[in-house]
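See structure below.
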Amino acid sequence: MILKKPRFVVPAALAAGIAGLTAYPARAQTVPTCKSLNLPNPIYGAGGSAIEPDIGGVATALGGLASNPETIFFSDAGGACPQLQSFLSGTETAVYNYWTPADGKIHTCTGDGTETLSFAHMGNPVSACPGVTLPAGVGDFPAPVQSLNVVTPDASKETSIS
């Protein structure tokens with residue numbers, strides 16, 4: 001199969017206007033440090049991004065507890081196996097996602113290098129990560145199954161996916 005890059009055909013005046021937009025420098029967005037947010041009872045974790053919606057739901061619920069609310073900060077930078085290695089080695093990650101009960105939306109903050117990862121999550125077994133061996137005292141526990149949904153057009157005549 002040969003894949004071609006998509007092409008967009010636009011009038012020359014519009015193309016010139018679009019090209020002119022790149023002349024303006026991008027505005028830097030300030031990302032706060034996680035600790036400067038002063039959110040209650042932080043729990044830091046890392047892993048793959050597939051679980052992020054589920055962790056967001058749990059984080060929103062834990063953050064909204066009337067007594068003893070907790071805040072989950074989760075890093076998915078680099079994928080599941082590298083994040084598992086970060087957890088095992090105690091190497092903190094630089095960027096975390098977090099959720100607040102006020103809006104339940106994902107937000108971003110940066111670590112300052114002193115965070116201790118309390119958990120790691122991945123959708124595959126540890127044995128799928130080359131060179132990783134769990135030390136004594138660290139468990140690998142089955143968790144909720146993640147599903148994959150394939151959406152196709154109703155009019156599709158295909159009978160299999162490969």
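Summarising the geometry of Leu37 relative to Cys109, their closest heavy-atom pair is CD1-CB, 4.0 Å, with the distance given to 0.1 Å. Closest approach of Ile51 to Gly48, counting heavy atoms only: CG2-O, 3.6 Å. Considering all non-hydrogen atoms of both residues, Pro130 and Ala128 come closest at CD-O, 3.4 Å. Ile43 and Ser118 make their closest contact through CG2-CB, 4.1 Å (heavy atoms, listed as atom of the first residue, atom of the second, distance). Scanning all heavy atoms of the two residues, the minimum distance from Gly63 to Pro69 falls at O-CB, 3.4 Å.
When side chains are defined from C-beta on, Tyr98 does not count as touching Thr108, because their heavy atoms never get closer than 4.5 Å. Looking at heavy atoms from C-beta onward, Met122 lies in side-chain contact with Cys129 at the 4.5 angstrom threshold. Side-chain atoms of Glu52 and Asn97, non-hydrogen and from C-beta on, do get closer than 4.5 Å to each other. At least one side-chain heavy atom of Pro135 sits under 4.5 Å from a side-chain heavy atom of Leu88.
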Does the side-chain hydrogen bond (donor to acceptor under 3.5 Å, both in side chains) test come out yes or no for Thr114 and Lys35, once each step is laid out? CA-CA 10 Å; Thr114 62; Lys35 290 187 180 171; 2.3 Å; yes
Could you go through Phe87 and Val138, starting from their C-alpha distance and side-chain angles, then the distance that decides it, and tell me whether this counts as side chain to side chain contact (heavy atoms under 4.5 Å, CB included)? CA-CA 10 Å; Phe87 168 74; Val138 175; 4.0 Å; yes
Under the criterion side chain to side chain contact (heavy atoms under 4.5 Å, CB included), I'd like the reasoning laid out for Thr110 against Tyr96: C-alpha separation, chi angles, the key distance, then a yes or no. CA-CA 6 Å; Thr110 58; Tyr96 293 93; over 6 Å; no
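Between Asn41 and the options Leu62, Leu65, Asn68, a side chain to side chain contact (heavy atoms under 4.5 Å, CB included) holds for only Asn68.
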What pairs of donor and acceptor atoms, side-chain ones from residues 72-85 against any protein atom, are under 3.5 angstrom apart with sequence neighbours left out?
from	atom 1	to	atom 2	distance (Å)
Ser75	OG	Gln83	NE2	2.8
Ser75	OG	Thr93	OG1	3.3
Ser75	OG	Val95	O	2.9
Gln83	OE1	Ser86	OG	3.4
Gln83	NE2	Ser75	O	3.0
Gln83	NE2	Ala77	O	3.3

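Rounding to the nearest 0.5 Å places OG of Ser127 at 8.0 Å from CG of Asp140.
Here the side chain of Thr60 pairs a donor or acceptor atom with the backbone of Gly56 at under 3.5 angstrom.
Under the salt bridge (Lys or Arg N to Asp or Glu O under 4.0 Å) criterion, no residue pair touches residues 117-134, with sequence neighbours excluded.
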